[in-house]
Enquirer: 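Can you keep this structure in mind? I'll have questions shortly.
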Amino acid sequence: MILEMKVPSPGESITEVEIATWLVEDGDYVEKDQAIAEVDSDKATLELPAEASGIITLKAEEGDAVAVGAVVCLIDTDAEKPEGSADPKEEKKEEAPKAETPKPVASESKTYATGSASPAAKKILAEKGMDSTSISGTGKDGRVTKEDAVNAVPSMGTPTGGNRGTTRSKMSMLRRKVAERLVEAKNTTAMLTTFNEVDMSPIFALRTEYKETFKTKHGVGLGFMSFFTLAIVRALKMYPAVNSMIDGKEMISYDFCDISIAVSGPKGLMVPVMRNVENLSFRGVEAEVKRLAIRARDGQITVDEMTGGTFTISNGGVFGSMLSTPIINPPQSAILGMHNIVDRPVAIEGKVEIRPIMFVALSYDHRIIDGKESVGFLVAVKEALENPIELLMNNDVKKALEL
C-alpha cells in the first residue's frame, strides 16, 4: 500500500510551509512516528513525523514552499525493513550523550562550486575581463548563468589575492516573517521610545540573601525576569492604555496581562507568551520563563505558545547591550527593553556612590499611548524595581517568595 503523506495544518491562518530540512533520504526505510523532516511556517519550526513504517519517496525538495494539505512524500507500507537497519530510536539514544549543546535545526547553507558557466556567460565574462570562478552562480548546482554574467561587476580595487568568495542562502520562512513584521511595525505605528535608569541594588540584595533558599525549594533560580515581569504587571494596571492595541478604528484594552518574552531560538527570534501573569507569583514567573526558554532552545515551541500577548519584554542585556530602542511586536502597542547592568557613579543624597545601574527603554505606539502615560508607566516600573519589598512583595519577602 502506498501512503500519501500530506502537510498538516500547523495552526489557524497558516496556508503553506517550507521544507527546511529532510531528516531522511529518498529510498530510506522509516519507522512510524520517526521525524522525517523539519518544516518552517511563518511562526515556528515543526517536526513532521512519519505516519507509517516503510520505504519513503520524497516529493518535495529542501527550500520548497508547500501548501497545507499537499503531498510531500510517499511511504510504501508493504516494503520490508532491510536487514541490519538500526532503529532510529536506538540511534537517538546512542547519540543523545553528544547532544549537550542545542544546535540550530535549520539546514546548513549550501556553498556551490564555482567555475561552471554557460557558453553565453563565458563570452560575456571574457568581454569584461573576468573569470567564471570569480563570481557565484545562481543556476542549478551553482552554474553561472547569462544573467549572472550580465550583472557581474569587475573589481576596480587593488588586487590583493585574498579570498573573495560569497555564499548565497535562502532565508527561512520564519526569518522572512520576522523581517516583514519588523518593517510593518516601523511603517504602521507612530513609534517613540522613552528611557530611564534603574538602580538594581535592592534586587541584588534580595537575590544574594534568598537565591539559594529559593532555588533549593522551588527548583528554579531567582532571576531578574520575575522582578521585571511583576513590576510591569503593576504598571500595566496603573496605565491600562499600555496594555491595549488598535483594531481598525477601535482600541481594545485587556483586563489580563499576557506577557510575551523575546528569546533566542535555533531558528532566530522567538516570542513565546506567559498567560495571565497577573496571577503568577515570583516562583510562577521563573518556572514559566524557564519552561518557555527551554522549549524555544530545543525548537519545540508551538504556534499556540507564540500567539497573542498584550505586552513584550526583550532582554538585550544577556548579549551585552547597553541601550537600544526595541521594536514593537505588532499588534501590541508597547515593548520594554532590558539591558546590561553596569556599575556606574551616581549621586545619592549629595554624595557620589557606585551602584549597579540598568538602562531601560519603552517603545510605544504614540497613536494610543500619550507621552504622559508612557513616561508614567516606565517610572512606575522603575519605582517597583527600586523598592521591591514594599511595592512587589507587600512588605513580606518570605511570603512573596513562598519560602
Enquirer: For residues S226 and F282, report the shortest heavy-atom separation together with the two atoms involved.
Expert: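 Of all heavy-atom pairs spanning S226 and F282, the closest is OG-CD2, 3.5 Å.
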Enquirer: For residues M5 and I75, determine if any side-chain heavy atom of one lies less than 4.5 Å from a side-chain heavy atom of the other.
Expert: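 Side chain of M5 against side chain of I75, heavy atoms only: contact under 4.5 Å found.
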Enquirer: Going by an N to O cut-off under 4.0 Å, is there a salt bridge joining R295 and E305?
Expert: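 Looking at E305 together with R295, the answer is yes, because their closest N to O distance falls below 4.0 Å.
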Enquirer: So which atom in I335 and which in S314 form the shortest heavy-atom distance, rounded to 0.1 Å?
Expert: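 That would be CD1-CB, 4.1 Å.
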Enquirer: If you round to the nearest 0.5 Å, how far is CD1 of I369 from OH of Y364?
Expert: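 Rounded to the nearest 0.5 Å, the OH-CD1 separation comes out at 8.5 Å.
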Enquirer: Hey, does the side chain of D247 reach the backbone of E250 with a donor-acceptor pair shorter than 3.5 angstrom?
Expert: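 No; zero donor-acceptor contacts below 3.5 Å.
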Enquirer: Under 3.5 Å, is there a donor-acceptor pair between the side chain of N315 and the main chain of G317?
Expert: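 Confirmed, N315 side chain pairs with G317 backbone.
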Enquirer: Give the intermediate values and the outcome of side-chain contact (heavy atoms from CB on, under 4.5 Å) for residues M270 and M306.
Expert: CA-CA 8 Å; M270 304 258 180; M306 294 197 294; 3.9 Å; yes
Enquirer: Check the pair T312 / I261 against side-chain contact (heavy atoms from CB on, under 4.5 Å), numbers first and verdict last.
Expert: CA-CA 6 Å; T312 295; I261 52 172; over 6 Å; no
Enquirer: So, the side chain of K217 versus the backbone of E402: is there a donor-acceptor pair under 3.5 Å, distance only?
Expert: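 Side chain of K217 to backbone of E402: a pair is present.
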Enquirer: Taking NZ, NE, NH1 and NH2 as the nitrogens, is one of them in D365 or R367 under 4.0 Å from a carboxylate oxygen of the other?
Expert: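 Salt bridge between D365 and R367, a charged N being under 4.0 Å from a carboxylate O: yes.
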Enquirer: Could you go through F195 and L362, starting from their C-alpha distance and side-chain angles, then the distance that decides it, and tell me whether this counts as side-chain contact (heavy atoms from CB on, under 4.5 Å)?
Expert: CA-CA 6 Å; F195 304 94; L362 178 76; over 6 Å; no
Enquirer: For the atom pair CD1 (I19) and CG (L48), what is the distance rounded to the nearest 0.5 Å?
Expert: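 I19 atom CD1 to L48 atom CG measures 7.0 Å (nearest 0.5 Å).
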Enquirer: Examine distances only and state if a side-chain atom of H366 and a backbone atom of L192 form a donor-acceptor pair shorter than 3.5 Å.
Expert: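 Not at all, since once roles are kept as given, no pair shorter than 3.5 Å links the two residues.
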Enquirer: Side chains of D76 and T57: does their closest heavy-atom pair fall under 4.5 Å?
Expert: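 The answer is no, as the side chains (C-beta and beyond) never meet within the 4.5 Å cut-off.
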Enquirer: Would you compute the distance between atom CG of L58 and atom CG of D26 and round it to the nearest 0.5 angstrom?
Expert: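 Interatomic distance, L58 CG to D26 CG, rounded to 0.5 Å: 4.5 Å.
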Enquirer: Would you say CE of M322 has more than 12 non-hydrogen atoms from neighbouring residues, nucleotides or ligands within 6.0 angstrom?
Expert: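 No, because the 6.0 Å sphere around CE of M322 holds 12 heavy atoms or fewer from other groups.
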Enquirer: Heavy atoms, side chains only, cut-off 4.5 Å: are L230 and V285 in contact?
Expert: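 Result yes, sub-4.5 Å side-chain heavy-atom pair found.
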Enquirer: Under a 4.0 Å threshold between the charged nitrogen and the carboxylate oxygen, would E212 count as salt-bridged to K215?
Expert: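 No salt bridge links K215 with E212.
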Enquirer: What's the shortest heavy-atom distance between A296 and V263, and which atoms?
Expert: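 Smallest interatomic distance, heavy atoms only, reads CB-CG2, 3.6 Å.
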Enquirer: Indicate yes or no: does K290 engage E286 in a salt bridge with an N to O separation below 4.0 Å.
Expert: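 Salt bridge: no.
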Enquirer: Kindly determine whether F359 and R344 satisfy side-chain contact (heavy atoms from CB on, under 4.5 Å), including the steps that lead there.
Expert: CA-CA 11 Å; F359 294 142; R344 301 182 188 280; 3.6 Å; yes
Enquirer: Say whether, by atom type as modelled, one donor and one acceptor occur between the side chain of H218 and the main chain of L401 under 3.5 angstrom.
Expert: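 Flag set: sc H218 to bb L401 pair under 3.5 Å.
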Enquirer: Does R275 come within less than 4.0 Å of E288, counting only side-chain N to carboxylate O?
Expert: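 Salt bridge between R275 and E288, a charged N being under 4.0 Å from a carboxylate O: no.
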Enquirer: Could you tell me whether the side chain of T310 and the main chain of D258 form a donor-acceptor pair under 3.5 Å?
Expert: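 Yes, T310 side chain to D258 backbone: donor-acceptor pair under 3.5 Å.
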Enquirer: So how far is it from I327 CD1 to E184 CD, rounded to the nearest 0.5 Å?
Expert: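 One finds 12.0 Å between CD1 of I327 and CD of E184.
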Enquirer: Do P331 and I246 have side-chain heavy atoms sitting under 4.5 Å apart?
Expert: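 No, every pair of side-chain atoms sits at 4.5 Å or beyond.
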Enquirer: Rounded to the nearest 0.5 Å, what separation is found between the CE atom of M338 and the CG atom of L336?
Expert: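 So the gap between those two atoms works out to 7.5 Å.
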Enquirer: If you count every heavy atom of other residues, nucleotides or ligands that lies below 6.0 Å from K382 atom NZ, does the total exceed 12?
Expert: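 Yes, the 6.0 Å shell around NZ holds more than 12 heavy atoms from other groups.
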Enquirer: Mind telling me whether F311 and F377 have parallel, tilted or perpendicular rings, with 30° and 60° as the class edges?
Expert: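 Ring orientation, 0 to 90° scale: tilted.
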Enquirer: If you compare all heavy atoms of R207 against all heavy atoms of L222, which two are closest, and at what distance to 0.1 Å?
Expert: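 Shortest heavy-atom contact: NE-O, 2.6 Å.
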Enquirer: Main chain of A380, side chain of E383: is a donor-acceptor contact present, judged purely on distance under 3.5 Å?
Expert: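 Side chain of E383 to backbone of A380: no pair is present.
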Enquirer: Quick one: does V198's side chain get under 4.5 Å of I357's, heavy atoms only?
Expert: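 No - every pair of side-chain heavy atoms lies 4.5 Å or more apart.
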Enquirer: Taking the side chain as everything from C-beta on, heavy atoms only, tell me whether I341 gets closer than 4.5 Å to F224.
Expert: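 I341 vs F224: side chains touch.
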Enquirer: Are the side chains of Y29 and V24 in touch, meaning some heavy atoms are under 4.5 Å apart?
Expert: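 Y29 vs V24: side chains apart.
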Enquirer: For a 4.5 angstrom cut-off between non-hydrogen side-chain atoms, does I259 reach V273?
Expert: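 Counting from C-beta outward, I259 and V273 never come under 4.5 Å.
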Enquirer: Okay, side chain of S374, backbone of G371: is any donor-acceptor separation there less than 3.5 Å?
Expert: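 Flag set: sc S374 to bb G371 pair under 3.5 Å.
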Enquirer: Give a yes or no on whether the backbone of A241 and the side-chain of E373 come within a donor-acceptor separation of less than 3.5 Å.
Expert: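 Such a contact is absent between E373 side chain and A241 backbone.
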Enquirer: Say you draw a straight line from CZ of R355 to CD of E197; how long is it, rounded to the nearest 0.5 Å?
Expert: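 Taking CZ in R355 and CD in E197, the distance rounds to 11.5 Å.
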Enquirer: With Y254, which residues qualify under ring pair (Phe, Tyr, Trp, His ring centres under 6.0 Å), at least two apart?
Expert: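 For Y254, the residues satisfying ring pair (Phe, Tyr, Trp, His ring centres under 6.0 Å) (neighbours in sequence not counted) are F256.
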Enquirer: Taking all heavy atoms of R234 and all of A384, pick out the closest pair and write down the distance.
Expert: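 Closest approach of R234 to A384, heavy atoms only: NH1-CB, 4.0 Å.
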Enquirer: Do the side-chain N and O atoms of S201 and D199 include a donor-acceptor pair separated by under 3.5 angstrom?
Expert: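 Looking only at side-chain atoms, D199 and S201 do form a donor-acceptor pair, the distance falling under 3.5 Å.
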Enquirer: Quick one: list whatever passes side-chain hydrogen bond (donor to acceptor under 3.5 Å, both in side chains) with S260, sequence neighbours left out.
Expert: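 Scan of S260 (side-chain hydrogen bond (donor to acceptor under 3.5 Å, both in side chains), adjacent residues dropped) gives Q332.
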Enquirer: Return yes if some donor-acceptor pair links the side-chain N/O of S253 with the main-chain N/O of S244 below 3.5 Å, else return no.
Expert: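 Flag not set: sc S253 to bb S244 has no pair under 3.5 Å.
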Enquirer: So, for C257 and E278, which heavy atoms are closest and what is the spacing to 0.1 Å?
Expert: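 Of all heavy-atom pairs spanning C257 and E278, the closest is N-OE1, 2.9 Å.
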